[in-house]
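Working notes, beginning with the structure itself.
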Amino acid sequence: MQQRVSTPVSGSGAPPPVQEPVPKAADTSRTVDEPLPGRTTKTPFRPQRLFSWLPLVVGGGLWAWSLPRIGFRDIGEFGLLDRFPVVFYVSLVVLSAGFLVSLRRAGTAPWWPLTYCVAMLVALKAPPALLYDSVRYAWASKHDAVIARLLAEGTFHPYTELSGGMSAYDQWPGFFSLNAALIRAFGVEGAAAYTNWAPVAFGLLMMPVLVLIYRTFTDDRRLVWTAVWIFQLANWVGQDYLAPQAFAYLLFLTVFAVVVRHFVRPGSAGRLRERAHLDPAAASVPPSATRRQRAIGVAVLVPLIAAVNASHQLTPVMLCMTLMALCLTRRYRNLGLLVVTGVVMLVWDLTMGRPLFLDTLGTLRDSAGQLLQNSRPGFAGEPSGPGPELVGAANILMVAALAVLAGAAVLLRRRLTHSALPLLLAAAAPVPLFAVNDYGGEMLFRVYLFGLPGTAFFAAAALVPAVAGAGRARRLARRAAVVALPVALVALLAGFLPSYYGKEGMQYAPPEETALVERAYDRAPEGSLILATTGSFPGAYHRYDRYERWFFTEQEVPENLKMLKDPAGYLDAGIPPGRTAYVILTPTQEEATIGEGYLPAGSFARMSEALKRSPHFRVVEESRYGLVLEHVEPPAPTAPATP
């Protein structure tokens with residue numbers, strides 16, 4: 001039985017003619033990448049891929065070749081700058097060139113900029129960890145002594161007074177407790193086993209946090225990675241060693257990243273979520289958080305905030321200043337978080353940290369409002385000697401270059417400044433602390449450090465032009481960036497090297513010098529007074545809870561000049577009668593006192609000779625690694641015999 005199929009009826013009433021299918025003509029078109037029949041497929045040569053990995057291999061190879069040729073055992077006036085072989089500098093330039101090439105694929109292959117950032121971090125800060133046979137930086141050995149005491153005693157004594165300001169470490173013990181736990185967990189002998197790797201470790205941990213912060217304010221991956229790169233080159237202040245400041249700074253950045261990404265108030269974004277009102281590189285404001293979500297966020301952040309307060313004195317203040325600055329914007333006006341942060345800080349300062357907190361309050365009367373005094377580096381004279389003077393000049397030029405670049409971006413990229421205003425406010429937030437205290441001559445460096453993340457972002461924005469947009473001005477900006485970006489990055493690299501390695505004579509001491517210092521401590525009875533020109537030498541705080549210390553040049557320069565007129569008489573007058581006292585003088589101390597401006601050039605050697613000739617002191621040990629003298633009490637006058 002046939003099935004009837006109804007068809008539309010034409011206007012004439014006849015069925016339409018059946019059309020036979022037309023054979024499809026052979027398709028002779030061919031895509032560009034499609035091989036011809038019978039031919040072998042060949043992958044086209046892409047120079048971009050070659051230049052993505054070739055500089056990494058070449059730069060890494062040159063760096064590895066130069067590493068054993070770094071003359072760190074014979075450090076001169078310029079630190080390691082004239083001890084690095086030329087190939088070492090070439091390797092850094094090659095890595096910089098590779099990073100610039102990798103920026104062209106930052107949007108599609110972000111692992112290449114990441115790889116170069118890690119490679120540059122290792123190249124810049126791993127040489128001491130790989131080469132040195134002792135702990136780099138005297139303050140790192142000081143922290144090693146604190147950790148060793150904690151491991152030995154198992155507890156802290158926050159209200160026990162110790163000389164040399166060592167009581168503060170018992171009042172903010174969080175960082176040292178963490179290290180003691182790690183040492184016990186991994187079974188190493190002490191913190192010295194990994195101390196020199198701390199700058200690399202902290203740099204690696206900070207990198208993803210910085211990326212999160214920058215990705216909050218820009219969608220341009222080139223800008224993100226350039227900001228990370230600039231941050232690394234500009235982080236020359238030497239606060240990334242094994243120290244509570246480095247650990248607390250990492251936590252500070254983490255809290256800041258969480259706040260800017262997850263604490264946006266509802267209805268506060270305005271037009272900052274509309275692409276038409278944003279800079280081509282800007283990211284729209286993150287999703288808003290309800291009051292309940294922000295409350296949960298505060299609860300999540302409280303342990304981090306508590307860890308910051310348990311580890312460092314100044315970082316909680318910087319965190320409060322930053323959160324206060326963010327409250328100036330409607331977008332991040334979270335008074336509850338600011339109040340919780342302030343309360344946690346005050347609770348810690350009035351309990352565990354009460355002795356130092358009250359002592360600091362007592363000094364505010366003299367330091368408050370003294371802007372010039374509080375912002376000067378150190379607490380002595382001007383750096384002296386070719387190396388320290390070069391370091392001082394490089395520091396100033398680095399700060400000026402970053403300020404000019406960041407200022408240019410703020411003025412020329414108004415829309416980006418508007419959307420990234422929290423970063424700008426965070427960069428400026430620490431500045432008012434200049435009016436409060438000098439923090440032992442360190443306030444200038446700490447203000448720079450805490451303002452660096454925002455400054456690096458805007459400095460990068462001045463060098464990386466917007467992706468979108470047309471017109472003659474934008475074309476000129478792109479062409480200028482082709483020259484300005486590599487020139488600026490090489491200039492920052494040239495500034496980093498003297499800033500970080502120009503005073504290496506103060507940072508490295510051979511193991512023989514440390515052994516001499518420890519022998520001097522072991523020779524001295526407990527309770528003895530230990531004299532040294534400065535505490536900036538390895539082993540200065542060996543068994544610090546059993547001795548009292550007097551670093552007799554860590555004072556104003558006029559008083560040191562008075563001391564140099566009669567060193568033996570000056571020290572003898574300062575030693576309490578009947579007190580056992582030893583003087584320890586080492587080459588590292590000489591580098592520090594002359595370089596930091598405590599003493600004039602050549603005076604350290606003259607002072608040492610004067611002490612050796614004096615009847616008030618007796619030489620106990622002397623070698624090229626140092627001089628140890630014992631204070632000699634003058635014989636008591638005998639009473640005249642009675643007839």
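Atom set for the values below is all heavy atoms of this structure, side chains included, hydrogens, waters and symmetry mates excluded. Just so you know, these numbers come straight off a predicted model, no measurement behind them.
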Can you confirm whether the side chains of [X] and [Y] place a donor and an acceptor under 3.5 Å from each other?
| X | Y | value |
| --- | --- | --- |
| Tyr194 | Asn179 | yes |
| Gln589 | Ser536 | no |
| Tyr570 | Glu559 | yes |
| Arg446 | Gln245 | yes |
| Asn560 | Thr553 | no |
| His157 | Thr160 | no |

Using the ring centroid of each side chain, check whether Phe202 and Tyr241 are separated by less than 6.0 Å.
no
Compute the ring centroids of Phe176 and His143, then answer whether they are less than 6.0 Å apart.
yes
More than 12 heavy atoms from other groups under 6.0 Å of CH2 on Trp348
yes
Near Glu153 CD, under 6.0 Å, is it more than 12 heavy atoms from other residues, nucleotides or ligands?
yes
Determine the interplanar angle of the Tyr448 and Trp236 rings, folded into 0 to 90°, and report it as parallel if under 30°, tilted if 30 to 60°, perpendicular if over 60°.
tilted
Can you classify the ring geometry of Phe450 versus Phe252 as parallel (below 30°), tilted (30 to 60°) or perpendicular (above 60°)?
perpendicular
Do Val317 and Val436 make a side-chain contact, defined as non-hydrogen atoms from C-beta onward lying under 4.5 Å apart?
no
When Val620, Leu629, Leu529 are each screened for side-chain contact (heavy atoms from CB on, under 4.5 Å) with Tyr582, the one that passes is Val620
